[in-house]
Amino acid sequence: MRSILWLCCLAASATAQPPPIPVGPDAYRLWERWPYQRIGVRAYMRSTYDRSGGNERADASHFLYQEADDFNVTVDVQGPGVLYFVRYNHWHGSPWHYEVDHKDHIVQESSTADPLHPAKDSVFLPERLFPKPLAWTWSETRGADLSWVPIGFSESFRMAYSRTFYGTGYYIYHQFVEGAKLSRAITPWDGNTPPDADVLDLIRRSGSDLAPAGKGGIREQSGRIQLAANRTISVWADTHGPSMVRALEFSVPRDQALAFSKARLRVTWDGRRSASIDAPIALFYGAGILYNRDNREYLVKSFPMVVRYGPDRVHLSCYFPMPFFRSARVELIGADAPIADVEWKVRSVPYRDPANYVGYFHATYRDHPTPEPGKDLVLLDTTQTEGGGDWSGQFVGTSFIFSHAAVLNTLEGDPRFFFDDSRTPQAQGTGTEEWGGGGDYWGGENMTLPFAGHPTGAKNAQTAVNEEDKIESAYRFLLADLMPFGKNARIQLEHGGVNESTEHYETVTYWYGLPAPALVRTDELMVGDEASERQHGYASPDATTPYEIVSRYEWGPDTLPGREIYPAETDRGRSTKTSSEFTLRIDPGNFGVMLRRKLDYAFPNQRAEVFMADAKSGQPDWKPAGIWYLAGSNTCVFSSPSQELGATQHVVQTSNRRFRDDEFLLPLALTQGRKTIRVRVKFTPVSTPLFPGYPLPELAWSEMRYTAYSFAMPKFRLKGNRR
């Protein structure tokens, strides 16, 4: 009873300030804060995807614009942030331009000098700035060049490819509310300072026991059970009060590994109605099946998950920190065959921070035996999970089987992630194996890295030695590059290049979540609606009259043979070449405000200076709030020469997807304590042609809808035995 009362008091007093956000190298070294809320952070994943929703050139070589033949831009961001991850296909595109705060740095791969004869054991250059284990090339990943080296920027960041042959890639970066509580100031990358040695040492320990051990309140319990077929057995339970599981381990005799693959792990936090972890044990630990085709020591040698084969036993370890506040229960559910001699171990530590600082750890399993043609697989929809409602937390990875028949061309499917009501994916990838850290289907080879891998599956059905060898799996874990959400998350994966694959998928989505919002919608202006404009004091003397647009968002293919998948929609709005003003309600207790704008993406490179004032002031005292910039448009430039060193091409492509949702973070100093804000956006045109010599189209600022979301601490209380 004491722990319950203590928790209620703690939850009631947890108000105050959000937990600090680990940034830069701290996003690794403070990895025990994986579960902690990231209030005031937005994550984005951009890529070279086919803008039409198809799979042209395997989603390669679609550029925002070309500043020169050797400067083909894939990312263009203004404001402060950190680039946490990049993925290229082999050396294609190198040398790459990393333009940080307007200063250009050249990053390349050692195959660049003679790409027709790629360097064996290739590396990023300068190698000391991109060392293992934060950077890997195709010679070890089986097809991709990957970098998890944090690249900070305080004003702007651009990435450009010098060459365009098969120029595919995706990139994850974070941006922050100005004034948010960061673990350190964002330091712009200087192109000279290597990653911190302690961070490299930490990631090198992947595959070993990373959890705290010894004294200091650490509790470790272990035991041995017999798991009967099709029966549920309680493995471990804890009622010590607020704690955090730091290691969850199992082992079985090697000859029991295949049978154990099909057992199910179920973990329930604080007596909730639904288990937050409920997944096949092999898939939970990052492998589709515990079949070791070539007798490797490590099937999975990742940072949070490990599957290691000893001389006599197979060891499975999970090091995701998993907080709970009152109780935890771990169960195993047997499959068709009994499993003898299952050893288990759980290590936990006291949890002493406020209850609303963290989220419960989830592993949400979904079986997709018959994917729907034209529609993405939905791996997670938090509005439909554990009772639905609002959830805040962060998406931290996936483990998935993409074929039970050693079919690899289904890997053309792109990941698409939507957060907090956005209809535009904040994350859009280029393919499934790219998401799993590979390229060209990993060449059919297996590999395992700290944050990505393809641990099981033969090259094809013909070379598979048995049915188990046909089970193809992959994993992708997010640490520094995790993706926060404040209201809801929808994680989707295309099956095949245009959602045409019939392969049987099984997926586990890892996420931290608390059943309370950290992002609250407080107001919305419908531009072009007379009543809404009047209510919000909308003023834009030079704006166009409202006009209708019939278009689509950037989703999957519009049609498949015989039917329309995503019909066009109608909406209305205005555009301006000067400025507009409006008033929005916000939560005065906010920790920053996010504005979301629905726009017509036919206008390229929309840029505006944003100003704010007190909405109650008769004479607004405008304060600068930053630059709102969205690079590119629904028209891109495609360059896909037939040869590695072929000349850059200038193929103009315009998609039928003009609707887009875009976001802007308002500084905390201008929003906190206010119930209403007056916003002014002043259009500042960017006269950048699609490529040199191409005529500039009409430039304007488009506005169809402005929605205000206030960042807030989740109002979470644990009551009774249920949610």
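Numbers here are sequence positions counted from 1.
Residues W391 and F485 keep their aromatic ring centres 6.0 Å or farther apart. Taking the six-membered ring for Trp and the full ring otherwise, the centers of W628 and F664 sit less than 6.0 Å from each other.
Distance check: F418 CZ to I491 CD1 gives 9.5 Å after rounding to the nearest 0.5 Å. Going from atom OG1 of T688 over to atom CZ of R607 covers 10.5 Å, rounded to the nearest 0.5 Å. Annotation: the span from F451 atom CZ to F477 atom CZ amounts to 10.0 Å, rounded to 0.5 Å. Interatomic distance, D353 CG to Q37 CD, rounded to the nearest 0.5 Å: 12.5 Å. Atoms CD and OG, on E569 and S551 in that order, are 9.0 Å from each other to the nearest 0.5 Å. Note that CG of L595 is 8.0 Å distant from CE of M612, once rounded to the nearest 0.5 Å.
Side chain of S47 to main chain of Q428: a donor-acceptor pair is present (N/O by atom type, distance under 3.5 Å, no hydrogens or angles). Y709 contributes no side-chain N or O that, together with a main-chain N or O of G486, makes up a donor-acceptor pair within less than 3.5 Å. In this structure a side-chain-to-backbone donor-acceptor pair under 3.5 Å is present from T544 to S575. When atom types are taken as modelled, the side chain of D529 and the backbone of V527 share no donor-acceptor pair closer than 3.5 angstrom. Between the side chain of Q606 and the main chain of D600, a donor-acceptor pair closer than 3.5 Å is present. With hydrogens and angles disregarded, no donor-acceptor distance shorter than 3.5 Å links the side chain of T48 to the backbone of H62. In terms of modelled atom types and a separation under 3.5 Å, the side chain of D523 and the main chain of A708 share no donor-acceptor contact. D270 places a side-chain N or O within 3.5 Å of a backbone atom of S327 that can act as its donor or acceptor partner. D481 places no side-chain N or O within 3.5 Å of a backbone atom of L478 that could act as its donor or acceptor partner. Using a distance-only test at 3.5 Å, with no hydrogens or angles considered, a donor-acceptor pair links the side chain of N488 to the main chain of D420.
Here the closest non-hydrogen pair linking F591 and Q17 is CE2-OE1, 3.8 Å. Taking every heavy atom of both residues into account, I586 and T676 meet most closely at CG1-N, 4.3 Å. Closest non-hydrogen pair, G556 versus Y566, comes out as N-CE1, 3.7 Å. Closest approach of G632 to N605, counting heavy atoms only: N-OD1, 2.7 Å. In terms of heavy-atom proximity, Y538 sits nearest to S540 at OH-CB, 3.4 Å. Closest non-hydrogen pair, E386 versus S274, comes out as CG-CB, 3.8 Å.
Note that K598 lies in the cation-pi zone of F659, set by a 6.0 Å cut-off to the ring centre and a 45° limit from the axis. A cation-pi arrangement is found for R597 relative to W701, the charged atom lying closer than 6.0 Å to the ring centre and inside a 45° cone about the ring normal.
A salt bridge does not link E554 with R51: every distance from a Lys NZ or Arg NE/NH1/NH2 to an Asp or Glu carboxylate oxygen is 4.0 Å or more. Between D621 and K623 there is a salt bridge, since a side-chain N of the basic residue sits under 4.0 Å from a carboxylate O of the acidic one.
Applying the side-chain hydrogen bond (donor to acceptor under 3.5 Å, both in side chains) test between T583 and each of H536, R678, Q535 identifies R678 as the sole match. Residue P604 is tested with V686, L699, T635 for a side chain to side chain contact (heavy atoms under 4.5 Å, CB included); the sole match is L699. Considering R574, R705, R572 in turn, R574 is the only one that fulfils the salt bridge (Lys or Arg N to Asp or Glu O under 4.0 Å) rule with E533. Paired with W34 under the rule ring-ring contact (aromatic ring centres under 6.0 Å, His included), one option of Y28, F361, F320 passes, and it is F320.
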Test side chain to side chain contact (heavy atoms under 4.5 Å, CB included) on S154 and I186; report intermediate values, then the result. CA-CA 7 Å; S154 61; I186 296 174; 5.6 Å; no
Check the pair E581, R680 against salt bridge (Lys or Arg N to Asp or Glu O under 4.0 Å), reporting the backbone distance first and the verdict last. CA-CA 4 Å; E581 297 179 16; R680 184 182 188 209; 3.7 Å; yes
Test D661 against R423 for salt bridge (Lys or Arg N to Asp or Glu O under 4.0 Å), laying out the working first. CA-CA 7 Å; D661 292 346; R423 300 189 71 197; over 6 Å; no
Take D190 and K103 through the test salt bridge (Lys or Arg N to Asp or Glu O under 4.0 Å) and record every step on the way to the result. CA-CA 9 Å; D190 62 4; K103 184 177 180 180; over 6 Å; no
What do the steps show when you test K577 against E698 for salt bridge (Lys or Arg N to Asp or Glu O under 4.0 Å), and what is the final call? CA-CA 10 Å; K577 297 182 180 181; E698 181 183 3; 3.4 Å; yes
Please report the C-alpha distance between R38 and L482 in whole Å, then the side-chain angles of each, then the deciding distance to 0.1 Å, and finally whether the side chain to side chain contact (heavy atoms under 4.5 Å, CB included) criterion is met. CA-CA 10 Å; R38 265 69 167 177; L482 58 77; 3.7 Å; yes
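Taking the side chain as every heavy atom from C-beta outward, E609 and F611 approach each other to under 4.5 Å. Side-chain atoms of D76 and Y65, non-hydrogen and from C-beta on, do get closer than 4.5 Å to each other. With a 4.5 Å cut-off on side-chain heavy atoms, Y36 and P19 count as touching. With contacts defined as side-chain heavy-atom distances shorter than 4.5 Å, the pair P80/F157 does not qualify.
Between F716 and F325, the angle of the ring planes lies from 30° to 60°, which puts this pair in the tilted group. Between Y44 and Y173, the two ring planes are tilted [angle within 30° to 60°]. Using the six-membered ring where Trp is involved, Y360 and H362 have ring planes that are perpendicular, over 60° apart on the 30 and 60° scheme. Using bins of under 30°, 30° to 60° and over 60° for the plane-to-plane angle, the ring pair F85/Y170 lands in the tilted bin.
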Extract all donor-acceptor atom pairs below 3.5 Å that involve side chains of residues 511-521 and protein atoms in other chains or at least two apart in sequence.
from	atom 1	to	atom 2	distance (Å)
W511	NE1	T364	OG1	2.8
Y512	OH	P321	O	2.6
R521	NH2	E524	OE1	3.2

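The environment of NZ in K181 is crowded: more than 12 heavy-atom neighbours from other residues, nucleotides or ligands sit within 6.0 Å.
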